[in-house]
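Single-structure report; data block below.
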Amino acid sequence: MSVVASRRTLLSVVVVAIIVESEVAQAVMPPGWQGPCTLIWNNDQCQLLTTPSSATTTPEACATACTATAECTAINWNRDTAGTGSRCQLRGCNASAAPAPTWSVPDWVGYSTFPLPPSPPPPPPSGLLKVELTKAAATDGAVCLDGSPPVYYFRAGAGSGSRSYILFLEGGGWCAGIGTPVGGFDSCLARSITGLGSSLGYGPTMSGSGEAGALFSTDPTVNPRFHNWNVAYAKYCDGGSFSGNRSEPIMAAPGKPIFFRGARIFKVIVQSLISDRAMGNATDGLLAGCSAGGLATYHHCDAWAELITPARARCAADAGYFADISSAFGTASNPRGSIIEMEYTWIFENQQSNNSKVGVNQACLDAIGRDNPLCFFPEYALQYMHTPLFVLNSGYDSWQTNFIWFTPDGGKPVDPGWHRCAQTITLCNASQLAQMEQYHSRFVAKLTPMVDPSTPHGGFVESCMAHCQSWTSSVAYNNMTAMATLVAWYNGTATAKVIDSPYTSGKGACHPQTEL
């Protein structure tokens, strides 16, 4: 006689029957099952591989055990020769236990092809998904300081933004010097074992927006222009603002090479977006970054436009306008008195090979000299940049006041009073405020390439002390925030060359809490 499993709906049956004491069994498929899995009825135990484990009395429970085990590809449900029992074997897996039975059906006799129940869909990933460019690391030599592969995180756009892209370059300072640091920067050896020099510790997803802030927001009230765009967040692991292109590594210690390949990292990330994320069909592309990533935006803006042509290319740099300004106290180690110039010169000269220097604006190098490190500074590069770029910066950038203006040899100011003032302008006394305004006037003088009406560039330079504003500030100039000004500039409805009044003037967007 036939034995049939009792289920709500019978979807299909595939049977290869054998006669046992004149009885023929039918294999019945429960509803919703997919994909064949061979069952051979045998004994009343569930075994994983060939080792007995928790008891299973039905083939369905055996199949459920297979479904719950990622490595399992098939099961054997075998009847013993005496016809007195059955057993379950999960083939192609290495789990150690099966779940308890959840279905009850009469014993079966026969050999059947029986489909497995579908695995439950995985929960949707939260955040941006990791893209690790291991092939590019091997074929293009695009690697972090420690030789690990570059990584970016990606979220697909939707609707009207499905063919528009933002590539955001992460910041995080620089390294100068191999084992011994130059100026106030990290040594590259020390940085190579951190997340700013190695990708080995990067997780599978990125939660939040990182330094991109409101640019990555999906809320149209926060991010009206870019909320539904494709977004990519390039992790920073080269120590030189994505500028390095040195062919051979520098040996920091036996068996410890240090690679300078930031320009290659930038290029292979763009190529991956084009080939793997449909950016080859883009209509719009915005390159952005913060701090060291903002500086990289100045370096690569024209290259970005060339790589994504014919898409409309624009760039936006947050807190990346590092000015070539000498320290308020001077420095004996640099004839020009500029600590940042000394450190950038080391990066420019040591992270490149010969005359390649592909990681710096090429038009600037052609104009003032292929070996001139001044092109590392935005104030020089922006003079020769063709692609429109938006400058978001504080006129009292807290990183620059802290590490350039109020320090003699790099690092934080030695004097605690200067250290507090350099980070929080409301803590400055009268003489310190006077020094701070000297810095501001020198900084503003460096913005000529942005404010020049003949250039396509725009900007929002406020008088609040800040670094990396991430487009979230509510500070407004003429009733427009930085984000609103960027959108108007991007849409072509405003030239947007905004420089706020000095902090102590009482006319700017930010005012001193106490008049001194």
Side-chain angles (χ1 to χ4, degrees), residues 132-152 169-203 234-269 289 291-293 295-296 299-300 322 331 333-334 338-360 371 373 375-377 399 403-404 407 409-412:
E132 186 172 68
L133 301 178
T134 52
K135 182 178 179 181
T139 59
D140 298 89
V143 293
C144 302
L145 288 172
D146 70 334
S148 55
V151 165
Y152 69 92
L169 307 178
E170 184 180 48
W174 307 269
C175 68
I178 302 301
T180 302
V182 173
F185 291 173
D186 300 330
S187 76
C188 295
L189 176 59
R191 177 173 281 236
S192 70
I193 60 174
T194 73
L196 290 171
S198 172
S199 66
L200 296 181
Y202 298 164
K235 292 293 288 181
Y236 179 41
C237 66
D238 69 281
S241 284
F242 295 86
S243 69
N245 189 40
R246 189 184 182 100
S247 298
E248 298 299 324
I250 296 177
M251 298 303 296
K256 184 59 179 177
I258 301 295
F259 299 85
F260 296 118
R261 305 283 177 76
R264 301 187 194 187
I265 290 174
F266 171 77
K267 186 174 182 179
V268 299
I269 287 176
S291 192
L295 179 63
H299 292 336
H300 292 295
F322 294 93
T331 173
S333 57
N334 187 297
S338 172
I339 296 167
I340 195 76
E341 182 185 322
M342 175 178 65
E343 295 166 327
Y344 281 179
T345 297
W346 189 95
I347 296 172
F348 182 82
E349 292 178 347
N350 289 275
Q351 293 204 17
Q352 309 288 332
S353 287
N354 301 321
N355 206 31
S356 61
K357 298 181 176 65
V358 296
V360 183
D371 294 322
C375 286
F376 217 82
F377 288 94
W399 193 95
F403 289 95
I404 300 174
T407 179
D409 294 306
K412 296 178 180 178

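No experiment lies behind these values; they were computed from the predicted model shown.
Note that OH of Tyr152 and CD of Glu132 are 12.0 Å apart. Values are rounded to the nearest 0.5 Å. Distance CG/Asp371 to CD/Gln352: 10.5 Å, rounded to 0.5 Å. If you take CZ on Phe259 and CG on Leu145, they are separated by 10.0 Å, rounding to the nearest 0.5 Å. Remark: Leu189 CG to Ile178 CD1 distance equals 8.0 Å, nearest 0.5 Å. In this structure, the separation between CD1 on Ile258 and SG on Cys188 is 7.0 Å, given to the nearest 0.5 Å. Of the inter-residue distances, the one linking Leu196 atom CG with Asp186 atom CG reads 8.0 Å to the nearest 0.5 angstrom.
Every side-chain hydrogen bond (donor to acceptor under 3.5 Å, both in side chains) that Asp146 has, sequence neighbours left out, goes to Ser148, Ser198.
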*asked:* Applying side chain to side chain contact (heavy atoms under 4.5 Å, CB included) to Glu170 and Ser291, what does each step give before you reach the verdict?
replied: CA-CA 8 Å; Glu170 184 180 48; Ser291 192; over 6 Å; no
*Dump the intermediate steps for side chain to side chain contact (heavy atoms under 4.5 Å, CB included) on Phe242 and Leu295, then the final yes or no.*
CA-CA 9 Å; Phe242 295 86; Leu295 179 63; over 6 Å; no
_Intermediate values then yes/no, side chain to side chain contact (heavy atoms under 4.5 Å, CB included), Lys256 and Ile193_ = CA-CA 11 Å; Lys256 184 59 179 177; Ile193 60 174; 4.2 Å; yes
*Can you check side chain to side chain contact (heavy atoms under 4.5 Å, CB included) on Ser243 and Phe348, steps first, answer last?*
CA-CA 8 Å; Ser243 69; Phe348 182 82; over 6 Å; no
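With contacts defined as side-chain heavy-atom distances shorter than 4.5 Å, the pair Trp346/Pro373 does not qualify. Contact of the Arg261 side chain with the Asp238 side chain is not registered, since no non-hydrogen atoms from C-beta on lie closer than 4.5 Å. Between Ile340 and Phe403 the shortest side-chain heavy-atom distance does not fall below 4.5 Å. Looking only at side-chain heavy atoms (C-beta outward), Trp174 and Glu343 stay at 4.5 Å or farther from each other. With contacts defined as side-chain heavy-atom distances shorter than 4.5 Å, the pair Leu133/Val151 does not qualify.
Tyr236 and Arg191 get closest at one heavy-atom pair: CE2-NH1, 3.8 Å. Contact record, Pro257 with Pro249: CB-CB, 3.8 Å, taken as the closest heavy-atom pair. Closest of all the heavy-atom pairs between Phe260 and Asn350 is CD1-O, 3.8 Å. Closest approach of Ala292 and Ser241 over heavy atoms only: O-OG, 2.8 Å. Nearest heavy-atom pair across Arg264 and Arg246 is NH2-O, 4.0 Å. The nearest pair of heavy atoms linking Val143 to Ile265 is O-CD1, 3.3 Å.
Distance alone, capped at 3.5 Å, places no donor-acceptor pair between the His299 side chain and the Cys375 backbone.
Using a 30° and 60° split on the angle between ring planes, Tyr344 and Phe376 fall in the tilted class, from 30° to 60°.
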